[in-house]
2 protein chains.
Amino acid sequence: MAKAGKQNRQDVVEKATNLYWEKGFHGTSMRNLQDVIDMRPGSIYAAFGSKEGLFKEALQYYTQQGFAQLTALKSTTGSPLKGLKAFVEMAVIDSQDSAPSGMCMLAKTISELTEENAELLAEAKSLLHKIELSFAATFIEAQAFGEVDKEKDAKQLARSLQIQIMGLRTYTRVNNDNKAIKEMIDTLFLAFSDVKK
Amino acid sequence: MAKAGKQNRQDVVEKATNLYWEKGFHGTSMRNLQDVIDMRPGSIYAAFGSKEGLFKEALQYYTQQGFAQLTALKSTTGSPLKGLKAFVEMAVIDSQDSAPSGMCMLAKTISELTEENAELLAEAKSLLHKIELSFAATFIEAQAFGEVDKEKDAKQLARSLQIQIMGLRTYTRVNNDNKAIKEMIDTLFLAFSDVKK
DNA sequence: TAATATCTTGAACGATCGTTCAAATCCAGT
DNA sequence: ACTGGATTTGAACGATCGTTCAAGATATTA
């Protein structure tokens with residue numbers, strides 16, 4: 001492939017991402033992938049090297065899409081903090097029904113894999129760290145915007161948000177009580193925007 | 001087996017639990033299990049029926065051990081809330097190094113499995129719910145003990161704790177910063193014990 | 001000790017795993 | 001239209017998957 005067959009590389013990676021996201025690394029077979037992305041083994045191996053190689057690219061694509069969404073939401077809401085909140089609501093609530101899995105794909109990967117797939121594990125950790133950095137950057141923007149108390153440590157807020165998202169997404173898979181979850185997110189962001197008067 | 005060979009049923013289930021906990025359902029093969037529990041296929045199938053049957057028993061054993069630990073910690077600390085906090089510290093911090101996986105085995109299962117293993121998924125959800133109920137019961141004890149504000153809703157506290165634990169355990173696998181995590185747990189329990197003066 | 005009931009063994013099953021590669025196909029430049 | 005390189009195909013590989021079951025070993029009863 002490379003130079004565009006019926007579909008370009010991004011379409012293929014997106015389909016693979018959705019399957020891996022739903023079923024996990026070990027739960028997805030190369031034959032599952034062949035069916036979904038409509039490519040024969042030889043082409044897949046020529047383009048991605050291995051099951052691990054394609055998974056790694058899927059992790060990267062997933063993360064990149066997340067960045068794009070956060071950026072878009074900050075723009076459409078016209079505010080860093082509102083954008084961030086919309087992003088969390090989307091990830092925690094909306095994705096339970098519409099996404100391949102209610103889980104964050106990176107958290108799911110970190111939960112699933114062991115040192116037997118050290119490189120993929122490291123990649124997932126690294127990407128999650130980058131997301132945390134972008135949360136921190138968003139909090140700093142929000143502070144400049146006057147939405148968040150400037151006394152607060154953006155890094156600490158980002159870490160805390162990361163933990164909340166992971167917890168909420170897992171919990172929502174167990175007990176999908178939309179109303180209660182929505183309230184918890186509201187409370188969480190009220191705490192973030194607790195500007196000293 | 002059943003009537004005790006070289007090892008009794010509980011020893012076998014414990015070994016299986018630790019392997020499943022580390023590698024997950026799909027990441028564990030029956031041959032991995034055969035090696036670890038030192039039983040031949042025929043005996044395993046006679047005793048547990050299938051890979052799924054043994055996994056289900058592992059989930060139950062894991063949960064039962066958790067209940068036992070919480071009960072023990074409440075007893076040794078002489079306080080419901082202190083026992084609960086010790087339990088969380090153990091689960092979030094200590095288990096990162098000593099346990100088969102830093103993750104909660106139930107959360108890991110819920111993250112990994114799909115409707116292809118509906119029965120196991122339902123079992124994991126049900127067991128997590130039972131744990132939440134026991135958290136709620138502990139908060140009620142703590143209220144009677146004067147450790148927690150009686151105005152607060154024990155069910156809501158339990159839900160919130162469940163979410164925090166899931167988030168913290170996943171996060172700690174990514175970024176094992178013991179000091180910061182310890183502080184977050186302290187802060188969390190300070191909020192729980194925020195009795196009106 | 002012989003007969004019987006119970007449990008354990010491990011070879012073997014068909015299915016599926018991740019991966020390879022020679023052959024077929026496609027496409028660009030002449 | 002022809003050629004040569006790039007791409008795609010799909011049969012096939014050895015390994016491993018979850019599972020079965022006849023045969024052997026062990027424990028129990030008479």
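Per chain, numbering begins at 1; letters A, B, ... match sequence-line order.
- When distances run from any side-chain atom of A/S50 to the nucleotides C/dT19, C/dT9, D/dG18, the shortest one goes to C/dT19.
- Every residue two or more places apart in sequence or in another chain that forms a side chain to side chain contact (heavy atoms under 4.5 Å, CB included) with B/N32 is listed here: B/L19, B/K23, B/T28, B/S29.
- In this structure, the NZ atom of B/K23 is 16 Å from the C1' atom of D/dG18, given to the nearest Å.
- As a whole-Å value, the separation of A/F55 CZ from C/dG18 C1' is 16 Å.
- C/dT19 atom P lies 11 Å from atom CG of A/L33, rounded to whole Å.
- Rounded to whole angstrom, the span from the CD1 atom of B/I44 across to the C1' atom of C/dC7 amounts to 14 Å.
- Both A/F25 and A/G42 lie close to DNA chain C; mapped to their nearest nucleotides by heavy-atom distance, the more 5′-ward contact belongs to A/F25.
- Considering only side-chain atoms of A/R40, the nucleotide from D/dC13, D/dG10, D/dT19 that sits closest is D/dG10.
- Distances were taken from every side-chain heavy atom of A/Y45 (C-beta onward) to each of D/dG10, D/dT20, C/dT19; the shortest belongs to C/dT19.
- B/M30 has its CE atom 18 Å from the P atom of C/dT16, to the nearest Å.
- Each salt bridge (charged side-chain N to carboxylate O under 4.0 Å, His left out) pair with one or both residues in residues 57-77 of chain A, not counting sequence neighbours, appears once here: A/R9-A/E57, A/K74-A/E141.
- For A/P41, the side-chain atoms get nearest to D/dA11 when compared with the rest of D/dT20, D/dA11, C/dC17.
- B/E14 and B/Q65 are not linked by any side-chain donor-acceptor pair at a separation below 3.5 angstrom, with hydrogens and angles left out of the test.
- A perpendicular orientation is assigned to the rings of B/F25 and B/F55, their planes being inclined by more than 60° (bins at 30° and 60°).
- Rounding to whole angstrom units, CD of residue B/Q34 and C1' of C/dG10 are separated by 9 Å.
- When the P atom of C/dG18 is taken as reference, atom CZ of A/F48 falls 16 Å away, rounded to whole Å.
- Residue A/S43 places its side chain closer to D/dT9 than to any other of D/dC13, D/dT9, D/dT19.
- Note on A/S29: a side-chain N or O is less than 4.0 Å away from OP1 or OP2 of C/dC17.
- Residue B/F67 is grouped with residue B/L106 when hydrophobic side chains (ILVMFWY) are merged at heavy-atom distances under 4.5 angstrom, including chains of intermediate members.
- The interatomic distance linking A/N32 (CG) with C/dA15 (P) rounds to 17 Å, in whole Å.
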